[in-house]
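Below: one structure, written as structure tokens.
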Amino acid sequence: MSGALKTVALRSRNAEVWKMMSVMRKMQAGCSLGAIALALSGGAHADMTTDDWGSWGQVVAEGSLGFIDPGLEKGRLWLEGQMRWDGDWRHWYQGVARAALGYSLSDRATVWIGYSFVPTQNAGKPYLAQQDVWPGFRYVLPTEFGTFTFRTMLESNFIRGDQVRYQPRQMFRYLRPFDFEPRLSLIAWDEVFVRLNSTPWGGPAGFGQNRAFLGGGWSFDPALRVELGYMNQYIDSRPNQVMHNLIMGSLFINF
């Protein structure tokens, strides 16, 4: 390649890097403003009693049921496991085991029915073995600017006894591969939780929590991708509030 062509290629690559860095800064600022707005919405007398660092790790496997029988090609299976630490990484406080069956309405839309087991041991509180059942819907929208994913879940949370909390959650996710290296992607998402009813163990009705993530992903091939980044988790557990700053790592397996 001649010197002039190398210079043009380098300038194009640098322009793409600066463009994506600008997008990341804007998204990060938006997440920060969103967290501030949510904190203010919790009420003027709310105390931010917890503000610490921790980490989440998860493995998610998803694929077609066609490996069982070709007639089940549109059926989907979703398996997920998570481990969570808080208290500046000194305390394991929660795990998640999730399984769901789905059906592909099209190459973009999928409906789900699932179950989650969520063992929880918050510091200074009794152990809880929460169980959730939920229907869900996911829509994937590829565009020239990146891929947008919209996921809705309506959870029935069985937290303790026969008190059931109904909690819809809505996620908006954005993935944009870099032009200079398509295996490397910018990833940003936000998920909002709302409690529809008040329960003794599940908290009062209203806004429940917000999770905002910004990071990057690397696709080894279409069947294997890793993601790593920062997640801000704001929880309204009135009269107290919780803010977790989390390093989140994910492994996604497609089959």
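The basis for the numbers below is simple: all heavy atoms, side chains too, and nothing from hydrogens, waters or symmetry mates.
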Distance-only polar pair, side chains of [X] and [Y], donor-acceptor under 3.5 Å:
X	Y	value
Asn210	Asp236	no
Gln163	Arg165	no
Ser156	Trp134	no
Glu73	Ser64	no
Gln167	Arg169	no
Trp78	Glu80	yes

Quiz item: Does the pair Ile247 and Trp53 meet the rule for a side chain to side chain contact (heavy atoms under 4.5 Å, CB included), with working shown?
Solution: CA-CA 8 Å; Ile247 303 300; Trp53 283 86; 4.1 Å; yes
Quiz item: Going by an N to O cut-off under 4.0 Å, is there a salt bridge joining Glu227 and Arg173?
Solution: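 Arg173 and Glu227: salt-bridged.
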Quiz prompt | Salt bridge Arg176-Glu144, side-chain N to carboxylate O under 4.0 Å | solution =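 Salt bridge absent between Arg176 and Glu144.
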Quiz item: Would a hydrophobic clustering, with Ile, Leu, Val, Met, Phe, Trp and Tyr connected at side-chain separations under 4.5 Å, put Trp189 with Val140?
Solution: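 No; tracing contacts between hydrophobic side chains, which count when under 4.5 Å, never links both residues.
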Exercise. Tell me whether Trp218 is reachable from Ile253 by hopping between hydrophobic residues (I, L, V, M, F, W, Y) whose side-chain heavy atoms are closer than 4.5 Å.
Key: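 Result: yes, single cluster for both.
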Self-check item: Mutual orientation of the aromatic rings belonging to Tyr139 and Phe137 [parallel < 30°, tilted 30-60°, perpendicular > 60°]
Solution: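 Answer is parallel, since the angle falls under 30°.
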Exercise. Scan Tyr93, Tyr234, Tyr230 and name whichever one has a ring pair (Phe, Tyr, Trp, His ring centres under 6.0 Å) with His244.
Key: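 Checked Tyr93, Tyr234, Tyr230 against His244; only one passes ring pair (Phe, Tyr, Trp, His ring centres under 6.0 Å): Tyr93.
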